[in-house]
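Take a look at the structure below.
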Amino acid sequence: MQREKKALGKIGATIIIVLVLLGAAGAYFYYESISAPKSVTLTVVVVSGWNDKTVEMAAKDFEAQHPNVHFDFVYTTFNNVLQKEELVESQGNASTYDIFTWSPTMSGAIASYVTPLGPYVKSYGYNLSDLPSAFLGFGGEYYNLSTKTTELIGLPLDTSLEILFYRKDVFSNATLAQEFQSEYGVPFNPNDWTNWTEVVWASRFVVTHGVTKYGLIFSDDPSHDLIDTYPAVFYWWYMRNSSLNGGTKGGVPPFNVLFTPGLTPSFNNSDGVAALQTIKDLLQYEPAPTVEIVTYSDIQSMFAAGEGAMDLAWSGFYDTLFNVPSKSQVAGKVGMALLPGGYAEAGGCFMGIAKYSHNKDLAFQFLAFLTSDKEAASLYFRGGFPPAALGAMRIIASNSTYAAEWSFYQKAASVAFANPPAIPITASELMPSLNTALFNYLTGKVTDPNQALQTAASQWSSYVKQYLSS
């Protein structure tokens, strides 16, 4: 596999590749012309330590089937990937990049630098129904203000879900269960909880009874993570209030649940206040943010060290840390549950075709191959990303070793609607203003939760008005 950057020459011979996607089975077949085409290089941007390993393995598999196709990888960091992709596309047709990588909250910003995939989906018969709609709506789809239509810009590479991890050795303890049931009148089982108050009760119980050092561990980092934590809690109220959700499950993509379908903030009201107060209640049972800010790295290490009874964390942590004996003190003791009330939050990695790619058809064929059921499942078994494709999930779940875990993921993926906005101004404007307001209340700088949320909502309204008018 080629590692060094190469300039792409013009392709002299015609490549005739007909891709047939069998939607139900997710199978792939390629029929190539008898005439041997010249060598073609696809230049792919990947993030080191994130999607690089999975995409590299898929590229080798693709090269094995197509000896004339080669890959050149451009490695970058998570914090710099968007800037790198925007910079190279500013070169216009001089750009030699073919495939881009992004996260959901980057999707709005990257949309103008990638190619809409709708025509390729239709041309190659790609089965979009094999991908969870919640994933597509949070990172793969973009609402075009000019045409007033939603465009498909990327395909989800992995299943990344914010869910509730818990210690099975704690919550299966019969003595503790009896005491908790007697004290609070609800089951001592995260899978049976119907609201966030029960999570607060469980956190209080395990800490005050000396079972674990902390209750629910979650990230309160204002530099990024609070914009994920807040909708994970707030959605419990949002999903029950039709004046906020307008009859939708997850709002209007890519504005999602922190906006109403009328594109006004959805959180500056009694429901938003209740969610924020719940988060502050939960903070009593993890490190105080005035002393120690808990980051995504911390929620992994603290839970793996056995310090908490529960963890609001991303599903990928299970295979990479929580259930790895050499890395985790709780390996073999970790259970997974939906967030109380039966839902999850989506995340993950998306990939699409660069706007000025000179190999768009071939780039789409690789993306289709990468996300196909059999290939995606194979990549997972070899240490790659947990796949997003539903058919791949079923393949993995058919293996008894992974059956329970992946049956759960299939269920969680179907209800992963608790998502923050993913518009171009999310990272630059919306996230800083909301996170600052939330953190000011959580740390006592602002004592009135309604005031904190009204401040953020006012700023959001101004930012969105400017965005929509531009």
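- For the side chain to side chain contact (heavy atoms under 4.5 Å, CB included) test, residues two or more places apart in sequence or in another chain that qualify with Q277 are V273, Y441, P449.
- Remark: K411 pairs with L338, F408 by the side chain to side chain contact (heavy atoms under 4.5 Å, CB included) rule, at least two apart or across chains.
- Centroid-to-centroid, the aromatic rings of Y124 and F364 come within less than 6.0 Å.
- Checked against the 6.0 Å centroid criterion, the rings of F381 and Y402 qualify as a close aromatic pair.
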CA sep, side-chain torsions, deciding dist, call: L430, I423, side-chain contact (heavy atoms from CB on, under 4.5 Å): CA-CA 9 Å; L430 302 185; I423 60 178; 3.7 Å; yes

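- Put simply, OG1 on T212 and CZ on F205 are 10.5 Å apart, with the number rounded to the nearest 0.5 Å.
- Pairing each heavy atom of A456 with each of A437, the nearest pair is CB-CB, 3.8 Å.
- Closest approach of V334 and F322 over heavy atoms only: CG2-O, 4.0 Å.
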Could you pull out all donor-acceptor pairs under 3.5 Å where a side-chain atom in residues 154-161 meets a protein atom, sequence neighbours excluded?
unit_1	atom_1	unit_2	atom_2	d
D158	OD1	C349	N	2.7
T159	OG1	P387	O	2.4

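- Using a 4.5 Å heavy-atom threshold, the side chains of L276 and L438 count as touching.
- In this structure, R240 fails the cation-pi test against W237, since its NZ or CZ atom is not both closer than 6.0 Å to the six-membered ring centre and inside 45 degrees of the ring normal.
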CA sep, side-chain torsions, deciding dist, call: D221, S219, side chain to side chain donor-acceptor pair (under 3.5 Å): CA-CA 6 Å; D221 185 356; S219 179; 5.3 Å; no

Step by step, work out the salt bridge (charged side-chain N to carboxylate O under 4.0 Å, His left out) result for E375 and R382. CA-CA 11 Å; E375 177 65 11; R382 288 180 280 159; 3.8 Å; yes

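- The aromatic rings of F62 and F366 sit perpendicular, their planes meeting at an angle over 60°, well past the 30° parallel limit.
- When all heavy atoms are compared, the tightest approach of N435 to D225 is ND2-N, 4.4 Å.
- Separation of the W102 and Y142 ring centroids does not fall under the 6.0 Å cut-off.
- E141 meets the side chain to side chain contact (heavy atoms under 4.5 Å, CB included) test with L136, T150, L152, P253; sequence neighbours excluded.
- Under a cut-off of 6.0 angstrom, the local environment of NZ in K249 is sparse, with at most 12 non-hydrogen atoms contributed by other residues, nucleotides or ligands.
- The environment of Q83 atom CD is sparse: at most 12 non-hydrogen atoms of other residues, nucleotides or ligands sit within 6.0 angstrom.
- In this structure, Q284 places its CD atom where more than 12 heavy-atom neighbours from other residues, nucleotides or ligands lie under 6.0 Å away.
- Atom CG of residue L453 and atom CH2 of residue W460 lie 10.5 Å apart, to the nearest 0.5 angstrom.
- A heavy-atom distance below 4.5 Å is found between the side chains of D228 and H224.
- The aromatic rings of F78 and W50 lie perpendicular to each other, with more than 60° between the two planes, well past the 30° mark.
- Classified by interplanar angle (parallel below 30°, tilted 30° to 60°, perpendicular above 60°), the ring pair Y184/W201 is parallel.
- Considering every non-hydrogen atom in both G250 and Y238, the closest pair reads C-OH, 4.0 Å.
- For the side chain to side chain contact (heavy atoms under 4.5 Å, CB included) test, residues two or more places apart in sequence or in another chain that qualify with D52 are V46, S48, E56, Y75.
- Judged as a side-chain hydrogen bond (donor to acceptor under 3.5 Å, both in side chains), and not counting sequence neighbours, T443 has no contacts.
- Of all non-hydrogen atoms in Y285 and S203, the two that sit nearest each other are CD1-CB, 3.7 Å.
- A ring-centre distance under 6.0 Å is found for W406 and Y380.
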